[in-house]
Visitor: 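Take this structure first; my questions come after.
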Amino acid sequence: MSAGKSFGPLHPEAEEREQLARTSLSRDQQWEVYRLMRLTRAVEERLSSLYRRGLLVGGAYSSRGQEATSVASAYALGPDDLIGPLIRNLGSQLVRGVDSGRIFALHMGKATAVNRSKDNLPQTDLGCGILGPIAMLGSLLAVVAGALLADRMKGGKRVGMSWIGDGGTSTGEFHEAINLAAVLNLPLVVVVENNGWAYSTPTSQQTRVKDLALKGAGYGVPSEIVDGNDPLAVYEAAKRAVERARSGGGPTLLEAKTFRMRGHAEHDDASYVPAELREHWLARDPIARFERHLVAEAVASQAEIDALEGELASRLDAEIEAAQAAPMPAPEEAALGVFEGAV
Amino acid sequence: MSVQEALAPGTTVTYLEAIRQGLWRELESDPSVFLLGEDIAEFGGAFKVTAGMFDRFGAERVINTPIAESAILGVAIGAALYGLRPVAEMQFIDFLACGFNPLVNFAATQHYRAGTPVPMVVRGPCGGHVRGSAFHSQNPEGFYLRAPGLKIVAPATVADAYGLIRGAIRDPNPVLYLEHKYLYRRIKGELPGDEGVLPLGQARLARDGRHLTVLTWGAMVHTALEAAERLAQEDGAELAVVDLRTLKPLDEALILDTVRRTSRALVLSEEPLTGSAAGEVAALVAEKAFAWLDAPVARLCCLDTPVPFSPPLEDYYLPNVDKLCARVRELLSY
């Protein structure tokens, strides 16, 4: 692993870089990654707005600032591979083709969302290769590992990727899952999104290690640190991990250094985050930074970038309108579906 | 030890061998079934329930794991979601507490939350009488009974140990299979054939009678039958004994029918009294058979203490035939 390399004031030895990593992505692919990052942000901005207007049910979480980490890592997977997204991985779900209209319906508790909106977490969708989480951090990793074990027993070559935050690495289930996946040599890529804060707790109160990637050594698992705000660097690192997994090299721990630009959830103003730190990272917004790259490298024109706003707006507005018009589930459906089959 | 493979129906086997035979048959007949747990592969498990399976079915289907109950259950959930039928062994069922979160919050809620079935079995030895002390003797039914989405079975006989492990594996839901370690090598019976596979949710009338129904499960079924025999001889009392076999879903029909015929009911359980599954069964009877009752519904359980170690202490902690006969006599003279 490339030890000692870290980014930003959260990581004092930061190498401040504007330029993105060299990439193997084609221009079309770079545009697609960018588009998915923009879609992620646009969906979450609308969820935030709906939340503030009292039009959502329950909480809303934002991955603002982490779109590069979530989208570009998932983009390194093949179409049959599996993902285990957490609440800040809308981007990875959109990469897998989850319909954003369904996301709006879900956060409104509508009958048209997956499984009648019985739960508002990222939903299990086996057709899209998505294993949804529970709220308890760390639990999902072993579940993704188990799905990979099943696939290997059936002769498959699927790779799985799951994400966890800096706070989640403190849980026992994180430890148990990576250790077991390593012993069984399962093709699991664990992306640790070190975004500086677990709710209000800074990473320094979460662990004594400076780089969470160091934890890989404890499991005999290769690890790597990547600039989580550089989509091209994230993609290349994820691709290396995916290839290692697919060729029988087992799990990889990938630490993405990034920053959570909003609170833990929309109710949280994150006033505990120092203003200068926030300012620093706002200047390193992964989407703005990617845009500067795309224009400088003539991947896209500013006009094309600007046009995306209108295109996304008309699509998402229509989806929100449809979600608002959709029916709520019938109350008595609450009693159904505890068990599979007749009981 | 010499390890027998699949035995012919009708062979006399122990309770432990019946579980092993059931697992073996399911591994043979369904390639999606596999086992995982601590020390279960070459070693054959702490109690040898999986003896010989590694040699017969291979490392892919009999998987040794690190000491990681949460990860064992998490892996089972993921494999079940992707179409396999994992059977996870807890070396002692007490250790299931270390995997409480994935079982109760993940596996049990998954079908309700996401509509995706999780056909998995968690099995392991429960129960006292073996001087196992606080962490190798527990009966944890009450902890798990209130988890919506989780089925619980607790066989009392050789035939049921066999029929219910096969039924549990075939059930499309997460199932907690509680095997009683005191019964492992102490009871013997005839091994059933394929016709012995039991669907979950059916209780068994282990003994019929007119004067009082004992509702129980697991090793306590044998305590109840012994007490019934003694009371028949000494008092001329005729006790019915219902072996619940499945704690969730409960066989309400057989429970209520038997209680209504006998007008008295006692729930016998090897759990600490407070928060026990016995309380739930008693509440069901009180709620739905009240008008037929001639005495209050009674519960005979363990003390509300951890399981003590020293023999006189553990014996005092557990229900037994003497205690049961005394309680039954109180109820009969109420």
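None of these values were measured; they are calculated from a predicted model. In what follows, every chain begins at residue 1, and chains take the letters A, B, ... in the order their sequences are listed.
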Visitor: Side chain, backbone, both or neither: which part of B/Lys151 has an atom under 4.5 Å from a heavy atom of chain A?
Guide: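 Contact with chain A involves both backbone and side-chain atoms of B/Lys151.
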
Visitor: Would you say the side-chain atoms of A/Asn185 pair up with the backbone N or O of A/Gly248, donor to acceptor, closer than 3.5 Å?
Guide: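 Judged by distance alone, yes, a pair lies under 3.5 Å.
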
Visitor: Which value, rounded to the nearest 0.5 Å, describes the distance between A/Cys128 atom SG and A/Arg96 atom CZ?
Guide: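 It is 7.5 Å, given to the nearest 0.5 Å.
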
Visitor: Below 4.5 Å from any heavy atom of chain A, which atoms of B/Asn105 appear? Answer side chain, backbone, both or neither.
Guide: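 Its backbone and side chain both get close to chain A.
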
Visitor: Go through B/Cys98, B/Pro119, B/Pro66, B/Pro249 and name the one with the most non-hydrogen pairs under 4.5 angstrom from chain A.
Guide: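 Maximum pair count with chain A is reached by B/Pro66.
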
Visitor: With respect to chain B, which residue among A/Gln123, A/Lys118, A/Lys154 yields the maximal number of heavy-atom pairs within a distance under 4.5 Å?
Guide: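 When all of A/Gln123, A/Lys118, A/Lys154 are compared, A/Lys118 has the most.
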
Visitor: Who among B/Leu150, B/Asn64, B/Asp171 has the most heavy-atom pairs with chain A under 4.5 Å?
Guide: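 Counting heavy-atom pairs under 4.5 Å, the top option is B/Leu150.
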
Visitor: Please state whether the side chain, the backbone, both or neither of A/Leu184 comes within less than 4.5 Å of a heavy atom of chain B.
Guide: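 Contact with chain B involves the side chain of A/Leu184 alone.
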
Visitor: Quick check on B/Glu69 against chain A: is it the side chain, the backbone, both or neither that has a heavy atom closer than 4.5 Å?
Guide: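 Contact with chain A is through the backbone of B/Glu69 alone.
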
Visitor: For the CZ atom on B/Arg146, are there more than 12 heavy atoms of other groups (residues, nucleotides or ligands in this structure) within a distance under 6.0 Å?
Guide: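 Open.
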
Visitor: Looking at B/Ala76, B/Ala108, B/Pro117, which one has more heavy-atom pairs under 4.5 Å with chain A than the rest?
Guide: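 With the most close heavy-atom pairs to chain A, the winner is B/Pro117.
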
Visitor: Would you find more than 12 non-hydrogen atoms of other residues, nucleotides or ligands less than 6.0 Å from B/Ile67 atom CD1?
Guide: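 Atom CD1 in B/Ile67 is not crowded, with 12 or fewer foreign heavy atoms closer than 6.0 Å.
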
Visitor: If you count heavy-atom pairs under 4.5 Å between each of B/Ser32, B/Pro31, B/Pro148, B/Ala68 and chain A, which one has the most?
Guide: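 Among B/Ser32, B/Pro31, B/Pro148, B/Ala68, the one with the most close pairs to chain A is B/Ala68.
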
Visitor: With a 4.5 angstrom heavy-atom cut-off, is it the side chain or the backbone of A/Leu131 that approaches chain B, or both, or neither?
Guide: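 For A/Leu131, the contact with chain B is made by the side chain alone.
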
Visitor: Please confirm whether the backbone N or O of A/Ser92 pairs with a side-chain atom of A/Asn89, one donor and one acceptor, at under 3.5 Å?
Guide: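 No; zero donor-acceptor contacts below 3.5 Å.
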
Visitor: Judged by modelled atom types alone, do B/Asn101 and A/Glu173 share a side-chain donor-acceptor pair under 3.5 Å?
Guide: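 Yes, a side-chain donor-acceptor pair sits under 3.5 Å.
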
Visitor: Does any backbone or side-chain atom of B/Ile63 lie under 4.5 Å from a heavy atom of chain A? Answer side chain, backbone, both or neither.
Guide: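 Only the side chain of B/Ile63 comes within 4.5 Å of chain A.
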
Visitor: Given heavy-atom pairs under 4.5 angstrom as the criterion, report whether the side chain, backbone, both or neither of A/Leu82 touches chain B.
Guide: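 Side chain only.
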
Visitor: Looking only at side-chain N and O atoms, does B/Gln110 offer a donor or acceptor that is under 3.5 Å from a partner on A/Thr124?
Guide: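 Checked: A/Thr124/B/Gln110 side chains pair up, N/O donor to acceptor below 3.5 Å.
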
Visitor: Heavy atoms only, distances under 4.5 angstrom: which of A/Ile134, A/Val343, A/Leu121 has the most pairs with chain B? Name it, please.
Guide: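 The answer is A/Ile134.
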
Visitor: Is a side-chain N or O of B/Gln138 found less than 3.5 angstrom from the main chain of B/His136, in a donor-acceptor match?
Guide: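 Side chain of B/Gln138 to backbone of B/His136, a donor-acceptor pair under 3.5 Å: no, none is there.
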
Visitor: Quick check on B/Thr116 against chain A: is it the side chain, the backbone, both or neither that has a heavy atom closer than 4.5 Å?
Guide: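 Just the side chain, heavy atoms under 4.5 Å.
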
Visitor: Could you tell me whether A/Tyr219 and A/His175 have their ring centroids closer than 6.0 angstrom?
Guide: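 When the ring centroids of A/Tyr219 and A/His175 are compared, they turn out to be within the sub-6.0 Å range.
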
Visitor: Could you check which of B/Gly99, B/Ala107, B/Pro172, B/Pro174 has the highest count of heavy-atom pairs closer than 4.5 Å to chain A?
Guide: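 Option with the greatest count: B/Pro172.
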
Visitor: Checking A/Glu255 side chain against A/Leu212 main chain: does a donor-acceptor pair fall under 3.5 Å?
Guide: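 Yes, A/Glu255 side chain to A/Leu212 backbone: donor-acceptor pair under 3.5 Å.
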
Visitor: Measure the CZ-CD distance between B/Phe47 and B/Glu179 for me, rounded to the nearest 0.5 Å.
Guide: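 B/Phe47 atom CZ to B/Glu179 atom CD measures 9.0 Å (nearest 0.5 Å).
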
Visitor: Side chain, backbone, both or neither: which part of A/Val144 has a heavy atom under 4.5 Å from chain B?
Guide: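 Contact with chain B involves no heavy atom of A/Val144 at all.
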
Visitor: Tell me, side chain or backbone of A/Ala334 under 4.5 Å from chain B's heavy atoms, or both, or neither?
Guide: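 Backbone plus side chain of A/Ala334, per the 4.5 Å heavy-atom cut-off to chain B.
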
Visitor: With respect to chain B, which residue among A/Val183, A/Leu149, A/Leu126 yields the maximal number of heavy-atom pairs within a distance under 4.5 Å?
Guide: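 Result: the option with the highest number of such pairs is A/Leu126.
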
